[in-house]
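Single-structure report; data block below.
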Amino acid sequence: MEESKILDLYRTLLDFFGYQNWWPVYSDNPFVEISFGAILTQNTSWSNVEKALRNLVENDLLDLEKVSCIQEEKLQEIIRPAGFYKRKSKTLIEFSRKTKDMKKEKVTRDFLLSIKGIGKETADSILLYALNRPYFVVDAYTRRIFSRLGILDKGLSYDEIQKIFEKNLPESINIYKEYHALIVELGKNFCKKKPLCRDCPLFANCKFRIYNV
DNA sequence: AACCAGGACGTGA
DNA sequence: TCACGTCATGGT
């Protein structure tokens, strides 16, 4: 496979979109805000997540201690706009209970995966963006974009894809952060399910471009 | 008015 | 292991 392109594509995307400076944080509690946001954004548009986060802030609930002992039905109403609110409220509560008295250095990937409702992508998002650990985040956009480009086979597992990116990039937390953010930006604006290939910054590199009007 | 969004889990084959 | 149904709101 032509994995050596991975770094070139990063430069192209960075050139086109500019630095994204992810993860967006508006409170003075980045760990909680990023972790909660990562859980809330599962298969959900970010605009809906923002509403849920605003509700949490208004109720002073960007707080592990408070969420760990909140009444579940109350939390459900507060995060309702983010969708899947029953499952997500359980996950937020379990996450809060398990991490509130924990030193952040002890939070591992396996630990996060032991929390029901946190899978690989959410765990890696928390590790990378909330804890500054070098884990490359793989999401649906990553699979779609790089399989269309012709770089990744469909059917590769999460861990295999992650390994390919980490092997072909400098082990730089900032590059991991930016690259994933840029992938999301490309996925939202061009490489959608119905792609807009005409103005795509990766048009020249892509084997797909069937809608290249 | 169907389709989609910064997934994860339980089930059955 | 893996394909498939389920969970849910809000924007286009």
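These numbers come from a predicted model, not from an experiment.
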Requested in this report: Determine the Euclidean distance between corresponding P atoms of B:dG6 and C:dT6; express it in Å to zero decimal places.
Outcome: 23 Å

Report task. Using the test ring-ring contact (aromatic ring centres under 6.0 Å, His included), find all partners of A:Phe146 that sit at least two apart in sequence or belong to another chain. Result -> A:Phe165

Report task. Within residues 10-29 of chain A, find the residues that approach DNA chain B with a heavy atom at under 4.0 Å, and present them sorted by residue number. Result -> A:Trp22, A:Trp23

Query raised in the report: First and last nucleotide of DNA chain B touching chain A, 5' to 3', heavy-atom cut-off 4.0 Å?
Result: B:dC4 to B:dG10

Distance-only check: which donor-acceptor pairs under 3.5 Å involve side-chain atoms of residues 102-114 of chain A, not counting sequence neighbours?
| from | atom 1 | to | atom 2 | distance (Å) |
| --- | --- | --- | --- | --- |
| A:Thr108 | OG1 | A:Phe111 | N | 3.0 |
| A:Arg109 | NE | A:Asp124 | OD1 | 2.8 |
| A:Arg109 | NH2 | A:Asp124 | OD2 | 3.0 |
| A:Ser114 | OG | A:Phe111 | O | 2.5 |

Report task. Could you pull out the closest heavy-atom pair between A:Pro170 and A:Leu7, with the gap in Å? Result -> CD-CD1, 4.2 Å

Report summary line: Between A:Ile126 and A:Ala38 the two heavy atoms that sit nearest each other are CG1-CB, 4.0 Å

Query raised in the report: Using the P atom in both, what is the distance from C:dG10 to B:dA8, to the nearest Å?
Result: 22 Å

**Report entry** Partners meeting salt bridge (Lys or Arg N to Asp or Glu O under 4.0 Å) with A:Glu72 (sequence neighbours left out)
**Finding:** A:Lys90

**Report entry** Comparing A:Ile115 and A:Lys188 on DNA chain B - which has the more 5′ nearest nucleotide
**Finding:** A:Lys188

Report summary line: Applied to residues 9-25 of chain A, the salt bridge (charged side-chain N to carboxylate O under 4.0 Å, His left out) test, sequence neighbours excluded, yields A:Asp8-A:Arg11

Query - side-chain hydrogen bond (donor to acceptor under 3.5 Å, both in side chains) pairs, two or more places apart, involving residues 130-143 of chain A - result: A:Asn132-A:Lys177, A:Asp139-A:Thr142

Query - Whole-Å P distance, B:dA1 and C:dA8 - result: 25 Å

Report summary line: Quick note, salt bridge (charged side-chain N to carboxylate O under 4.0 Å, His left out) partners involving residues 35-64 of chain A, not counting sequence neighbours, are A:Asp60-A:Lys66

Query raised in the report: What distance do A:Ser4 atom OG and A:Asn168 atom CG have between them, rounded to the nearest 0.5 Å?
Result: 7.0 Å

Query raised in the report: Reckon A:Arg144 touches a base, only the sugar-phosphate, or nothing at all at heavy-atom distances under 4.0 Å?
Result: sugar-phosphate

Query - SB check A:Arg97 A:Glu94 (cutoff 4.0 Å) - result: no

Query - DNA chain B contacts among residues 117-132 of chain A, heavy-atom distance under 4.0 Å - result: A:Gly117, A:Ile118, A:Gly119, A:Lys120, A:Glu121, A:Thr122

Query raised in the report: Contact class for A:Ala140 (heavy atom, under 4.0 Å): base, sugar-phosphate, or nothing?
Result: sugar-phosphate

Query raised in the report: Distance-only, no hydrogens or angles: does the A:Thr44 side chain make a donor-acceptor pair with backbone N or O of A:Ala82 under 3.5 Å?
Result: yes

Query - Sequence neighbours excluded, every pair satisfying ring-ring contact (aromatic ring centres under 6.0 Å, His included) that has a member inside residues 66-86 of chain A - result: none

Query raised in the report: How does each nucleotide of nucleotides 2-11 of chain C score, in 5' to 3' order, for protein heavy atoms under 4.0 Å: base (B), sugar-phosphate only (S), or none (-)?
Result: -----BBBSS

Requested in this report: Using side chain to side chain contact (heavy atoms under 4.5 Å, CB included) as the criterion, list what pairs up with A:Phe17, not counting sequence neighbours.
Outcome: A:Leu13, A:Gln20, A:Leu182, A:Glu185, A:Leu186, A:Asn189, A:Phe190, A:Pro201

